[in-house]
**Student:** 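Would you mind keeping the following structure in view while I ask a few things?
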Amino acid sequence: MIHFVSLGPGDPELITLKALRTLREADYIYTPVPVSRKGRHASKAAEMMLSLGIREEQIQLYDLPMSKDRDGALEAYEIVAREACEKQKAEPNARIAIVAEGDCGFYSSSAYIGEHIEQEGFTTEQICGVPAFIACNGRLGGQLVQLEEQCTVIPGEATREEWDRAWQSRHTIVVMKGSLCEAEIKSAVAQHSDRKWHYFEFVGMPKEYITSSTDEILQREFPYFSIIISKRR
Ligand code: SAH
């Protein structure tokens, strides 16, 4: 049994007790280190686990290429899945965890890793967590949706028709992966004054940035770790 452990959005206090217990009991915790053209970045996941008392020797870092071209990341997921399976074959009693940001069942890398692991004949268990968009709304206060309202989540990319339908609808719109759709969001912010716009970056982390000012949103360069929430006025 290999556990997918949700870390929550970044604030160490937003991990669940079950996830923390599973990490404490794990012998090997596979943890991504983002690698971009600028080089290897600090692993936010590893920093957070260390702050919760997880020991360095439990953490097994793996490189995760960050680029629009998904091939590097897909290869990294296959490699980490293979490593976890080999470890489990070599040490059948070892407790293995693979971490994911936010919730591991919501637009998560765990999907790809899990497919490979299951192909190898191992079972997996998911430990759910707080997804980033829920943490964003928590910072804002109030209801993301209430009563008969509906919510649409767009993962950074959508067709022209889907974007138009979203902005014209009465739905609350949550957009993930802001860097993939910065131009679309800015044009919608400029055109749809019938909507409220809220922008979130690195929520729950030291460099958190949140604004509900359309001017500030229009000036901002959106990193990948950004979320936009738009509600009808
Ligand atoms: N499984 C994650 C989503 C992974 S997809 C979850 O449950 O939230 C990756 C996207 O999540 C990023 O592009 C960004 O839009 C969002 N995200 C994750 N953590 C975030 C954070 N701390 N602050 C802002 N956005 C975050």
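When a ligand or atom number is given, it counts from 1 through the structure's own listing order. Source: prediction; values computed, not measured.
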**Student:** Quick check: does any side chain N or O of Ser230 sit under 3.5 Å from a backbone N or O of Trp197, one acting as donor and the other as acceptor?
**Tutor:** no

**Student:** If you look at every heavy atom in Gly178 and Ile228, which pair is closest and at what distance?
**Tutor:** CA-CD1, 4.2 Å

**Student:** Let me know which protein residues bring a heavy atom to under 4.0 Å of ligand 1; chain then number is fine for ordering.
**Tutor:** Pro9, Glu101, Gly102, Asp103, Phe106, Tyr107, Pro131, Ala132, Met176, Lys177, Phe202, Val203, Met205, Tyr224, Phe225, Ser226, Ile227

**Student:** Using a 3.5 Å distance criterion without hydrogens, assess whether the side chain of Ser108 forms a donor-acceptor pair with backbone atoms of Gly105.
**Tutor:** no

**Student:** Tabulate below the donor-acceptor pairs under 3.5 Å that side-chain atoms of residues 147-157 make, not counting sequence neighbours, or state none.
**Tutor:**
from, atom 1, to, atom 2, distance (Å)
Glu149, OE1, Gln146, N, 3.1
Gln150, OE1, His171, NE2, 3.1
Thr152, OG1, His171, ND1, 2.8

**Student:** Do any N or O atoms from the side chain of Gln58 and from the backbone of Ala26 form a donor-acceptor pair under 3.5 angstrom?
**Tutor:** yes

**Student:** Flag the pair Asp27 and Arg95 as a salt bridge only when some basic side-chain nitrogen lies within less than 4.0 angstrom of an acidic carboxylate oxygen.
**Tutor:** yes

